[in-house]
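Working notes, structure below.
Chain letters run A, B, ... following the sequence lines, proteins first, then strands; residues in each count from 1.
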Amino acid sequence: MAELTYRDAVAAGIAQEMRRDERVYLIGEDVAGAGGVFKATPGLLAEFGPRRVRDTPISEEAIVGAAMGAAMTGLRPIAEIMFSDFLATCWDIVANQIAKTRYMTDGQISLPLVIRTANGGGARFGAQHSQSVENWAMAIPGLKVVAPSNPADVIGLLAASVRDPDPVMFFEHKALYATKGDVPDGELVDTLGTARVVREGSDATLVALAAMVPKALAAAEVLAERGVSVEVIDLRSLVPLDTQTVLGSIAKTSRLFTVEENPRLTGWGAEVVSIAAEECFWDLDGPIVRITTPHIPLPSADALEDVAIPSVDRIVTTVEQVLA
Amino acid sequence: MAELTYRDAVAAGIAQEMRRDERVYLIGEDVAGAGGVFKATPGLLAEFGPRRVRDTPISEEAIVGAAMGAAMTGLRPIAEIMFSDFLATCWDIVANQIAKTRYMTDGQISLPLVIRTANGGGARFGAQHSQSVENWAMAIPGLKVVAPSNPADVIGLLAASVRDPDPVMFFEHKALYATKGDVPDGELVDTLGTARVVREGSDATLVALAAMVPKALAAAEVLAERGVSVEVIDLRSLVPLDTQTVLGSIAKTSRLFTVEENPRLTGWGAEVVSIAAEECFWDLDGPIVRITTPHIPLPSADALEDVAIPSVDRIVTTVEQVLA
Amino acid sequence: MTSTSTPAVEIDQETRLDLYRRMVELRLFEKRAYDLFMEGLVKGTSHLSLGQEAVAAGFGAAMRVDDYTFCTYRGHAHTLSRGTPMARVMGELLGRSNGVTGGKGGSMHLTSVENYAMGSYAIVGAHLPIAAGAAWSAQERGSGQVAVCFFGDGATNIGAFHEALNMAAVWKLPVVFVCENNLYMEYTAIESVTAVANPAADRAAAYGLESIIVDGNDADAVYAIALETLDRARQGAGPSLVEAKTYRHGGHSRADPGKYRPDQEVEEWLDRDPVDTYRERLLAQGIAENALTEIDDDARTDVEAATQAAREAPAPGPEVLERNVWADGSATWRN
Amino acid sequence: MTSTSTPAVEIDQETRLDLYRRMVELRLFEKRAYDLFMEGLVKGTSHLSLGQEAVAAGFGAAMRVDDYTFCTYRGHAHTLSRGTPMARVMGELLGRSNGVTGGKGGSMHLTSVENYAMGSYAIVGAHLPIAAGAAWSAQERGSGQVAVCFFGDGATNIGAFHEALNMAAVWKLPVVFVCENNLYMEYTAIESVTAVANPAADRAAAYGLESIIVDGNDADAVYAIALETLDRARQGAGPSLVEAKTYRHGGHSRADPGKYRPDQEVEEWLDRDPVDTYRERLLAQGIAENALTEIDDDARTDVEAATQAAREAPAPGPEVLERNVWADGSATWRN
Ligand SMILES: Cc1ncc(C[n+]2csc(CCOP(=O)(O)OP(=O)(O)O)c2C)c(N)n1
Ligand SMILES: Cc1ncc(C[n+]2csc(CCOP(=O)(O)OP(=O)(O)O)c2C)c(N)n1
Ligand SMILES: [Mg+2]
Ligand SMILES: [Mg+2]
């Protein structure tokens, strides 16, 4: 057992998989020589050399296109898109090509690739470098969508993503890179599509993802002091979605909240709510409430960004008011 | 009152606005000389000349980028993206630039522009030319999202979109281009953000959009024969969203269904459901059910496409089973 | 290295007959596809290569069996020219279960991985970076394979073209980019929207590449440049960008009559029909007419058989709808 | 028309002093911005133009008051050089309510429409088509305005560059594209990922444009090429693509020490400091030292005042969070 930061876990996870399988490559802007602008890939160039760890031009379509072409012909590439906002510059390749090709070819083409990207706000980077866009990916059939909340999950889920025969969008959260956590020794391989109950409770279920998980946990702590017992679920992946864990929890608590960093409209929480509203309607004892960033672009100033993204306070207050 | 096709209504709507305001321009691939690949813009080149109606290279980023730069400096451009799937090739300009610029500049820059695009399936064009991507746009704060279901709405909502001071994504439905409808004489200007109850009913509310509206209406007809009275709402625009009309209807019927052409995950219906599950939970007498295309890319073969997209039959059967 | 109609290499008779056979097959196949479209059997859309057969034939004949082909919605010819069975392509156009993708892809998405036809991509430009990726993989695996990527003149103005060319050049990837310049995009002339006269060749220098123009209606010339560029790629000398000047005999897609094109232009290009002119050349070179007629007859028989097979094949059943989204064969996104 | 350090035009003394003043202001502003970053007051990130001041100064001096500027996240200099008040730029860096966008945009999104600074765009390449659009609008309105679009060497490899250049050339738009080639993207050398030696200039021909390289550390040379290309654009002769060779003295952003650069390279470029060398040139041309010192002092005073104003300005209140998503001032998406 060692304590690692979330960013070090990224490098450790990639290294674990590159050691295991020589078909695994890493490409992206500044990933090699510089070790990544978030310092999430240092040491990989030194260990695996300039062919397997390669810096690219600023050409996002070429980066993910290269990953796609390579994946269909025998490599298992990991491509980095530096900030998840930049996925928009290569969305055609991701959403129209990578996601659809297995289906369109009726299974002739497999695309075992991972697109890693730094997602989310909290770093005062403004509207074009702070988005939570995991719901963009969730909307596209053919993409798996993973978003870990802690270092151990980073390694285990990254390994599972690299080994998965389908394309995986792997969302690392900027605000978590510096956070630390215990990581078991030895090879770590997790399972996609498994949510985790990170705190048990009886009065309500809070479903959270990535950087919202520690916030939901902190809110649960405060709520517990005030006599409200909430269960917190870390979804970990949106596709596949572990609906059993969510529905099972609602069966117990009878109330559901989502805690989403994305702007409100069609966030992943909307999908979770719609599943609950259909499948466990009779378990519910009251309205389902989504706690999200308002439907606005993210502002840059710290004073503003802090009120935009769901805070521990806002979670606590909302849950208290709704359950009151 | 005249009978027009949906495609003719597009040209009529654009012409109405170009006559009124010389700042209105139309650009896109094959929109001028050819009158559009869906023949939705014939006659405009002849009437307004090659400066105001202009063919572009196959450069989607340049098309919407040009519209953006022009809108911030005094024009009111309409840009066509031939198929809505191709929005992915210019998603950065749409989602990161156009949508966010007013907010990021704190209101200094206005972007009165319209992006028109042919959306949806049913034409056997396969996975890359048939998508319903209105939910992609709905997910982005700063974009208005309109999707008319009939010729009169095409003109009125297009006029409203052109006159709107904010960027509007205008989704025309491929499968509706050949459909006909009555259109009142004279200038038509509608209001964004107003849904319409297109059939009254008492047992359940069906919320639909674009090509799903006629299907929902046909299903309502069949259901009525079987003794089930459903109210059908044509949402008409997703942003702004007329939640009052939807919530008002649920207050009356106590049951909600959505009829969505988009693949399931994070479709617009999920958002509608999440609003209902929070705000009119106590009005609901049973589970909320979404009728959508399965979460798959669309197949090309007619035999497959027809079972993928919600059909009148599927709507009828689902509503009957759920209400039973 | 600007190539002309006169090929630098000697082409043996067997190859010439092979080129002819390929072109005739493509010609007859596409004509039949048009007829079936008019009959209402090809449901969605369909983009034919009538008039452009020499490009697919020339490259098809020159490629190693395991070289990769990437093409567009106008990809029947390229897919067939890798050996994909006609019946399976015809079945796909008709949306039948015997189609190469069982009806899922359709006319615009023909794929036959066993023939190294790695897909037809229907969004302009997208497959250039993907082809570069396949070339990168071939390079890393040391397989000696080359990726050949076909696209239209219109694709030279989209961003993906630029990104793919630059990356391929910097990484010295074994990929040959082949622009089939047929003078038009859909209904708009390429010259009206392009800053240079030769949309591909005049951009080669921007990627440190040589400018290559070839007569795309001359199968020998295409074959020669294909050999040369494939060889360069295989030797590790990096990518090439070839601009093949050609013309489509019909409209862009479906039933488009192509009326936006001046009559005289159409006539001039019909006079330069790649199949007819090649037939004449072969005859002039002393090849016996009945050798050619036999090829014609065989091709006719093949197209007939393929049509029959496709017509008789059943439509795909609803049970395949949710098949093959994921590698486990399912479309399951939840537990 | 490849320009060198020797400008083709005579530059009068007033203009030379203006160029000097602009550079000194930018230099001192950016140094202060760095200090404030290190002090923890600039919260997010910050990309300085230290070493590249001659480009913003030369164009700023040559532009008509209503010409449009489009720039990147490295846009303090370009925004200031259009006359945007220092205090409002500094306030924005600090996330204060006196900032040009009240804290919404931040360092990477400076915009001052009243100064025709039409925005700083933080996604590489995106603003090239947008600038082309503003030029298209100027052309249609017959306003005589020119759009000037600044970007880095790294931007020349992204698709939007290609699309914008081609469209601007075909439509003969009044836009000047200015590539500031500072040899590096973030931490990676441009030469390692680019197929040509001059990432912008060697691509000009792909758009039918002349290849233009200018010494981006020489304000006179930049000013001269700015006058020439602005004039061409205003006369209806269409776009230009200028590659200005320059260097950033510091790292890419924030506290990056820029250690990936060889010491000798850094030294050579420091020797060619645009401000110091220009100062020497002016002295050599007989301008009195105290005229320069006065400019230095004024700039120092201005930066001090701007810093003070920004420090004292309050943070924006939560009531502005949901303001100005829409033209009605609201963020309302429903009734
Ligand atoms: C990104 C994108 N934009 C537009 C289209 C619509 N479209 C399909 S084919 C075509 C013309 C392509 O012309 P060209 O590249 O010359 O190829 P050709 O059809 O002549 O073979 C267009 C505009 C598309 N499929 N993808
Ligand atoms: C599309 C996109 N990809 C990557 C980035 C991250 N990024 C920001 S600045 C930069 C380097 C840009 O280099 P260059 O264009 O030379 O400009 P410079 O910073 O040197 O002025 C990168 C890669 C981005 N902002 N946008
Ligand atoms: Mg063409
Ligand atoms: Mg640079």
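- The distance from the NE2 atom of B:His295 to the CG atom of A:Leu143 is 8.0 Å, given to the nearest 0.5 Å.
- Rounded to the nearest 0.5 Å, atoms CD (B:Gln128) and NZ (A:Lys100) are 7.5 Å apart.
- Rounded to the nearest 0.5 Å, atoms CG (A:Leu265) and CG (B:Leu241) are 7.5 Å apart.
- The nearest pair of heavy atoms linking A:Val273 to B:Ala277 is CG1-CB, 3.9 Å.
- Here B:Gln97 is the residue among B:Glu60, B:Glu61, B:Gln97 with the most heavy-atom pairs under 4.5 Å with chain A.
- Between chain A and the options B:Ala95, B:Cys90, B:Gly126, B:Pro299, heavy-atom pairs under 4.5 Å are most frequent for B:Pro299.
- With a 4.5 angstrom heavy-atom cutoff, B:Asp285 touches chain A only via backbone atoms.
- Annotation: side chain of A:Arg290 is in contact with side chain of B:Glu271 (closest heavy-atom distance under 4.5 Å).
- Rounding to the nearest 0.5 Å gives a distance of 10.5 Å between OG of B:Ser300 and CE of A:Met104.
- Here the CD1 atom belonging to A:Ile275 is positioned 13.0 Å from the CD1 atom belonging to B:Ile288, to the nearest 0.5 angstrom.
- The two residues B:Pro263 and A:Pro141 make their nearest non-hydrogen contact at CB-CG, 3.5 Å.
- Of the listed residues (A:Thr258, A:Val322, A:Asp92), the one with the most heavy-atom contacts under 4.5 Å to chain B is A:Asp92.
- Applying the ring pair (Phe, Tyr, Trp, His ring centres under 6.0 Å) rule to B:His173 yields no partners; only residues at least two apart in sequence or on another chain are considered.
- Using a 4.5 Å heavy-atom threshold, the side chains of A:Gln131 and B:Asn96 count as touching.
- What you find for B:Ala139 and A:Thr266 is that their closest heavy atoms are CB-OG1, 3.2 Å.
- Looking at residues two or more places apart in sequence or on another chain, you find a side-chain hydrogen bond (donor to acceptor under 3.5 Å, both in side chains) between B:Ser110 and B:Arg102.
- Heavy atoms closer than 4.5 Å to chain A are found nowhere in B:Ile93, neither backbone nor side chain.
- Considering only heavy-atom pairs separated by less than 4.5 Å from chain B, the leading option among A:Leu238, A:Ile140, A:Val94 is A:Ile140.
- Between A:Phe281 and B:Leu284 the shortest side-chain heavy-atom distance falls below 4.5 Å.
- For B:Val239, the part lying near chain A is the side chain, with the backbone staying farther off; criterion is any non-hydrogen pair under 4.5 Å.
- Counting only heavy atoms from C-beta outward, the side chains of A:Arg264 and B:Ser274 approach each other to under 4.5 Å.
- Looking at A:Ile296 and B:Tyr103, their side chains come closer than 4.5 Å, going by heavy atoms from C-beta outward.
- Relative ring orientation between B:Trp136 and A:Trp91 is described as perpendicular, the plane-to-plane angle rising above 60° on a 0-90° scale split at 30° and 60°.
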